[in-house]
**Student:** 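Dumping the structure here so I can ask a few things about it.
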Amino acid sequence: MINRRTSASSVRGHLDLLRELEPSVARHLDRHLKAAPEWFPHQYVPWSQARDFDGPLGGEPWNPEQSALAPAVRDALLVNLLTEDNLPSYHHEIATAFGRDSSWGTWVNRWTAEEGRHAEALRSYLHAVRGVDPVELERARMANVSAGYQSSHRSLAHGIVYVTVQELATREAHRNTGHACDEPHGRRLMTRIAADENLHMVFYRALCADLLDLAPEEFTTAFADVICDFTMPGHNIPGFQGRSARIATAGIYDLTVHHHQVLLPLLRTLGVMEQTGLRPQGEEALDRIGRHLEDLTDKGKRLADLQQRMRQRTHPTARPTELAARPRPASDEEQEVSR
C-alpha cells in the first residue's frame, strides 16, 4: 500500500518499521484468532426463497417488484457487495505493503480468508431474495474488478491508518444497512459481516496505538493526511456518487455517521488529540485534524437540514418528531459489534 514512487530512504524506513511492529502484529493476531468465531456463509442465505432466473435454465426475469428491499437499501447492499468483490486488489495492495513473511504475512492471508466470505454470502443472499438486478450487478462487478484498486498511501503509517478508518467505516456501513433492511435475513447477515469488520478494525486500531507510541509524529501526520482526504475503496464503482447520495439521504452512511461513529471514536480511543511534546510536524497535524472536524460539523448540519426538508416533502403531514430517524434497539450481537 505504499505509493510506487516512494523514495529509497522511505523504503528503508518502511522496512525498519515493519520489523519494529512485527511483535505487535504477532500479539494482536493471536488475540484476533482467539476472538474470531467460525461461521459459514451458506447458513445465512434463505435458499428456500430462491428460484431460477431467465437464461439457460429458462427461469423468470428479474424486475424491481420482486424485491422487498427499499431502493436505498438496494443501493447500499450493491455498493457494499461490489466493494467486497475487489478483494483480489486489496490483497495485493496489503501484501505488497506488509509482506508475506512472519506474522505480517499470516495476518494478510487470514484477513483475506475472512473477507472472502462477505462477497460470497452477500451475492448468494441477493440472488436468493431477488434483491437487486443480477445482470446489473454482474456487469458492475466486471467493470469494478477489471479496473482494480490501487492505493496512493505514501508510507506504511498512512496504510495502517487508512485500513483502520476504512474497516470502521465499513463496519458502520454494513451495520446501518442491516438496520435499514426490512427483511430479517438481510439484517442477520449484515450484522454478521459487520462483526467481522469490527474484529479487523480492532486489530488495526491496536496496531495504530503501537505505532503512535513508536513514532508519534509519523502517526499523527499520517492520520491527518488520511482523514482529510479519505475516500472509501469502492469510490470507483459505476454510479457510486448517485448511490452514495441516496444512501446518505436515507441516513445509512453520511458525513454525520463518518464523523461521529468513525473518526471521533478512533480519536478518543487512541488519544490522538491528547498527545503532548510533539515536534512542529506533529502539532501541525493535530491542528489539521481539528480544522477537519470543524468542517465536518458544519457540513453535517447542512446535510441534516437537507435530509429534514426531503423527509418533509416525502411525508408532508408528519410532525417534525416523526421525521427524525429513530434508532432501533441493538441486539446482543449488534452490541458486541459496537465494542
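Below, each value reflects all heavy atoms present in this structure, side chains not excepted, and no hydrogens, waters or symmetry copies. Positions are given from 1, in the same order as the sequence printed here.
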**Student:** Rounded to the nearest 0.5 Å, how far does CG of L214 lie from CG of L21?
**Tutor:** 5.5 Å
**Student:** Answer yes or no: is there a side-chain heavy-atom contact under 4.5 Å between F230 and Q166?
**Tutor:** yes
**Student:** Tell me if a side-chain donor or acceptor on S89 pairs with a main-chain N or O of Y149 at a distance below 3.5 Å.
**Tutor:**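 Yes, S89 side chain to Y149 backbone: donor-acceptor pair under 3.5 Å.
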**Student:** Could you tell me whether Y44 and W39 have their ring centroids closer than 6.0 angstrom?
**Tutor:**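 Ring-ring flag for Y44/W39: true, centres closer than 6.0 Å.
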**Student:** One thing to verify: whether E114 and R110 come together as a salt bridge, which I'm taking to mean a side-chain N less than 4.0 angstrom from a carboxylate O.
**Tutor:**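 So R110 pairs with E114 through a salt bridge.
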**Student:** Using a strict 4.0 Å threshold on nitrogen-to-oxygen distance, state whether D298 and K301 make a salt bridge.
**Tutor:** no
**Student:** List for me each residue that meets side-chain hydrogen bond (donor to acceptor under 3.5 Å, both in side chains) alongside H259, sequence neighbours excluded, and say none if there are none.
**Tutor:** none
**Student:** Looking at Y125, does the NZ or CZ of R188 lie under 6.0 angstrom from its six-membered ring centre and within 45 degrees of the ring axis?
**Tutor:** no
**Student:** For K299, enumerate each residue passing the salt bridge (charged side-chain N to carboxylate O under 4.0 Å, His left out) test, keeping only those at least two apart in sequence or located in another chain.
**Tutor:** D295
**Student:** Got a sec, which hydrophobics cluster with V45, joining ILVMFWY side chains under 4.5 Å apart, including via others?
**Tutor:**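 Members other than V45 - counting any ILVMFWY side chain reachable under 4.5 Å - are W47.
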**Student:** Side-chain donor-acceptor contacts of residues 137-144 below 3.5 Å, not counting sequence neighbours, with atom names and distances?
**Tutor:**
residue, atom, partner, partner atom, Å
E138, OE1, R141, NE, 2.9
E138, OE2, R141, NE, 3.4
E138, OE2, R141, NH2, 2.8
N144, ND2, L82, O, 2.9

**Student:** Got a sec, which residues hit salt bridge (charged side-chain N to carboxylate O under 4.0 Å, His left out) with R268, two or more places apart in sequence or on another chain?
**Tutor:**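 By the salt bridge (charged side-chain N to carboxylate O under 4.0 Å, His left out) rule, R268 matches no residue at all.
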**Student:** Test of understanding: with salt bridge (charged side-chain N to carboxylate O under 4.0 Å, His left out), list the residues that count as partners of E283, not counting sequence neighbours.
**Tutor:**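 Partners of E283 by the salt bridge (charged side-chain N to carboxylate O under 4.0 Å, His left out) criterion come out as none, since no residue qualifies.
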